[in-house]
There are 2 protein chains.
Amino acid sequence: MLCSVRDQFWNAGYAATSLQDLMRVSGLGKGSLYAAFGDKHELFLRVLRRYVASLDHAVRGSIDSAPRAVDALRSFVMLPVGDPAGRAARRGCLLANSTTELASADPVVAAEARRAYEGITAVLAEGVRRAQVEGDLSASVDPSGLARALLATQQGLTFMGRAGMDVETLAATAHSLATQLLPTAVDRRDSVDPPRGPGDPVAPAPGVPRSATSPTGRTSPSAAS
Amino acid sequence: MLCSVRDQFWNAGYAATSLQDLMRVSGLGKGSLYAAFGDKHELFLRVLRRYVASLDHAVRGSIDSAPRAVDALRSFVMLPVGDPAGRAARRGCLLANSTTELASADPVVAAEARRAYEGITAVLAEGVRRAQVEGDLSASVDPSGLARALLATQQGLTFMGRAGMDVETLAATAHSLATQLLPTAVDRRDSVDPPRGPGDPVAPAPGVPRSATSPTGRTSPSAAS
DNA sequence: CCAATTCTTGACCGATCGGTCCACCATGAA
DNA sequence: TTCATGGTGGACCGATCGGTCAAGAATTGG
């Protein structure tokens, strides 16, 4: 039920969603909606927080479960082009859309956005550190700095998708950016850095064949309904 | 006058701006507003198109007037952190905000956004080509591809600013991304590519000292009132 | 089978929305 | 001074907004 409400806010935005829309997609009467969730703003915050928690969980799980952290980082950047049909790309991200619409007028939403993005940055930075230990990223880069760059890049790609860029072009751009920000093993082969750190403390299978496509389990918050 | 209206839409968004707001910021009565600009949507489109034209003109002028095109490309990526106080960063970009809010419901705005971003991409690609001729960028990269990557990155930085990232962190992230996507002359010195193309057909001062800060004239559409 | 209780519903509220329209006034020509 | 005129402002319109509430349906305990 909350998923239908989330989709409504996701598709139309906060201001453009009326109580009638919420009644229609939820199947509940106006009074029931109010009794169950409070007013429109509270309902929106509830849906948004659920989405943020799902998003955070998905990113954390993707990075934690990836055999090589750098692959999870790459798949994070490629998230906006995960849907081959491009419908997900056209919707954008609920948190990003809500932040853009409400950040300057709704301090609660703004605070939620800050918290969420700081959390994701921390998770990404942890992934960067693991990728450094695994020898897939240069140890000289600042993990938090790269994490912020990855997040900003992913948000930019998400926006370009929402702005209507066709999916093939978007995918090519995402691939190019991911490659430039996260040089893979084959790219690093002709690098000046040693191809592998001292010992491989974490990497479970150092000789696993590398692939440009994201090998990690696909976890999209839009599917968590 | 239109600038005040633009700022109102910019700060509050389309749906959250009422006719009373427009009357207040414009100083005009409701009837006068309607007689002069038509309904709210038409007024918004007028303001948006003015903004897009100003933006396009600013980017084109910045690239055309830069002694080295790569500097203009760099300053384009750094645009979101142009305001030291961070107030401009917090507002975001009117076109980006409007696209995020209305893209899925207003085909006119969506088409305007596509057109604008395609135009900016073309201008950036032209800048990339010039930077390649000037020897500041590797000739092997696809100009349009790099242009799209620069645009997506800039939009991502713009969004992170709107999402509340503090200006110093944002500036550091922007600097890092610009450096990775646009290796400057000092970065290229240890590159495998020849440090300068055959002859210097366009570059007026090949030995001019390079600077990390944007040397091009600052042209921000928010100042075009 | 009935009654107490919980839950749902849609009518209703004042406020405000975007849009229309007409009385009014400032101006300029006669 | 008078009249014609065009631009202005605000009253007014129906529609819709978010929110409230009492009546009735559904459920449960006895």
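Here is the naming used below: chain letters follow the sequence lines, and residue numbers restart at 1 for every chain. The structure displayed is predicted, hence computed values, not measured ones.
With rounding to whole Å, L33(B) atom CG is found 12 Å from dG10(D) atom P. Taking atom CD of Q20(B) as the reference point, atom C1' of dC12(D) lies 14 Å away to the nearest angstrom. Nucleotide dT20(D) holds its P atom 11 Å from the CG atom of L19(A), rounded to whole Å. Following rounding to the nearest Å, L28(A) (CG) and dG19(D) (P) show an atom-to-atom distance of 16 Å.
Ion pair R129(A)/E126(A) flagged as a salt bridge, since at least one NZ, NE, NH1 or NH2 atom sits closer than 4.0 Å to an Asp/Glu carboxylate oxygen. Residues D71(A) and R74(A) are not paired through a salt bridge, judged by the lack of any N-O separation under 4.0 Å between the basic side chain and the carboxylate. Electrostatic pairing of D56(B) and R60(B) counts as a salt bridge here, judged by a charged N lying under 4.0 Å from a carboxylate O. Using a 4.0 Å cut-off between charged side-chain N and carboxylate O, R90(A) and D83(A) make no salt bridge.
Looking at heavy-atom distances under 4.0 Å, S32(A) makes contact with a base. Residue K40(A) is classed as a sugar-phosphate contact, given heavy-atom separations below 4.0 Å to backbone atoms only.
Two residues are said to be in side-chain contact when any heavy atoms from C-beta on lie closer than 4.5 Å; T179(B) and H175(B) meet this criterion. With a 4.5 Å cut-off on side-chain heavy atoms, F9(A) and Y14(A) count as touching.
Interface limits on DNA chain C: the 5'-most and 3'-most nucleotides within less than 4.0 Å of chain A heavy atoms are dT8(C) to dG10(C).
Closest-nucleotide positions on DNA chain D for S18(A) and Y34(A) were compared, and the one nearer the 5' end corresponds to S18(A).
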